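Just below is one structure, and these are the notes that go with it.
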Amino acid sequence: MSEHHWFDGSHPRSARWDAGAALLCVLVFWLPVDARAPALHTALIVLLAAGMTVRSRWPVAAFAAVAGTTAAGAALGMTHDPFVAAAWVLYRVALGRSTSRSLNAVGAASGMLIAAVAFLGTADAEDTVRYTMLSLLALAAAWVLGGTTRRAALQAEHAMLAERQAAVTAERLRVARRCTTWCPTRWGRSPWRPVSRRAPATRYACVTGSGGSRP
């Protein structure tokens with residue numbers, strides 16, 4: 001049985017938020033276009049924006065596309081994005097897959113990718129360390145925030161379901177008590193009879209199976 005939550009990406013505002021984040025990342029980290037290879041630079045920008053705008057529908061595929069695009073652009077010197085765009089998509093992945101196994105997989109893949117890009121893209125050791133730390137920090141923050149939001153949402157949803165179930169149970173008990181106190185007449189006959197021959201005549205039981213006092 002599939003479950004649909006408020007964070008599954010079906011909200012109509014999700015696409016607008018994703019498009020705005022993609023535009024902001026392009027303006028901050030990817031412009032101006034490299035004059036040496038404008039076609040390649042433009043293609044990477046389009047691929048990045050496309051991956052960010054579809055993160056609500058296909059978060060894992062979108063993260064792979066955005067992270068790969070960022071790595072290629074950083075290695076070619078076309079962007080200085082410390083995987084902020086990838087972190088934006090990773091947040092959505094963490095909302096649905098925040099488990100220890102997926103955490104280890106994402107951490108290992110991201111670490112190796114960032115390390116390779118950092119050491120291939122620049123020869124300055126200080127810049128390499130700074131870029132690596134900022135990238136890892138952005139991805140880790142997105143993953144932790146997404147996982148925390150998912151757990152909080154699930155706890156709130158479970159609490160709401162438990163409250164509804166308790167209300168249903170209380171209503172059933174109320175109806176059962178009312179039926180015990182008074183049982184309707186069936187086929188025109190009185191549903192009340194003495195509990196036993198030795199019992200006082202004022203104590204009766206319902207022939208349908210419910211006990212109680214004769215009104």
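Everything quoted here is computed from the prediction, not taken from an experiment.
Legend: ring pair (Phe, Tyr, Trp, His ring centres under 6.0 Å) pairs involving residues 60-79, not counting sequence neighbours: none detected. For residues 60-76, no residue pair satisfies the salt bridge (Lys or Arg N to Asp or Glu O under 4.0 Å) rule, not counting sequence neighbours. Every pair tested for salt bridge (Lys or Arg N to Asp or Glu O under 4.0 Å) that includes a residue from residues 38-52 fails, sequence neighbours excluded, so the list is empty. For residues 29-50, every residue pair satisfying the ring pair (Phe, Tyr, Trp, His ring centres under 6.0 Å) rule, not counting sequence neighbours, is listed here: F29-H80, W30-H41.
With sequence neighbours excluded, the residues forming a side-chain contact (heavy atoms from CB on, under 4.5 Å) with A21 are M52, W88, listed by chain and number. Contacts of D81 classified as side-chain hydrogen bond (donor to acceptor under 3.5 Å, both in side chains), with partners at least two apart in sequence or in another chain: none. A search for side-chain contact (heavy atoms from CB on, under 4.5 Å) contacts involving L145 returns Y91, T149, not counting sequence neighbours. Not counting sequence neighbours, the partners of L134 by the side-chain contact (heavy atoms from CB on, under 4.5 Å) test are P82, R130. Partners of V54 under the side-chain contact (heavy atoms from CB on, under 4.5 Å) rule, at least two apart in sequence or in another chain, are W58, A62. Residues passing the salt bridge (charged side-chain N to carboxylate O under 4.0 Å, His left out) test with R36 are D34, sequence neighbours excluded.
Within the 4.5 Å cutoff, no side-chain heavy atoms of R172 are placed close to those of V175. Put simply, the side chain of R55 does not reach to within 4.5 Å of the side chain of V66, judged on heavy atoms. Residues M133 and V129 form a side-chain contact, since some pair of their non-hydrogen atoms from C-beta on lies under 4.5 Å apart. By the 4.5 Å heavy-atom criterion applied to side chains, L31 and V33 are counted as neighbours.
Residues L173 and V168 are members of separate hydrophobic clusters, defined by side-chain heavy-atom contacts under 4.5 angstrom among Ile, Leu, Val, Met, Phe, Trp and Tyr. Residues Y131 and V28 share a hydrophobic cluster, clusters being chains of Ile/Leu/Val/Met/Phe/Trp/Tyr side chains in contact below 4.5 Å.
Grouped with L161 in a hydrophobic cluster is no other residue, since no side-chain heavy-atom contact under 4.5 Å to another Ile, Leu, Val, Met, Phe, Trp or Tyr is found. In the hydrophobic clustering, where aliphatic and aromatic side chains (Ile, Leu, Val, Met, Phe, Trp, Tyr) are joined below 4.5 Å either directly or transitively, L47 stands alone.
Taken from CG in L40 to CE in M78, the straight-line distance is 4.0 Å, to the nearest 0.5 Å. L76 contributes atom CG, which lies 7.0 Å from atom CG of L44 (distance to the nearest 0.5 angstrom).
The two residues V60 and V93 come nearest to each other via the heavy atoms N-CG2, 4.0 Å. The two residues F83 and S135 have their closest heavy-atom pair at CD1-OG, 3.5 Å. The two residues V84 and C25 have their closest heavy-atom pair at CG1-SG, 4.5 Å. Residues A94 and G147 share a closest heavy-atom pair of CB-N, 3.8 Å. Closest heavy-atom contact between T128 and T132: O-OG1, 2.8 Å. Closest of all the heavy-atom pairs between L90 and L139 is CD2-O, 3.4 Å.
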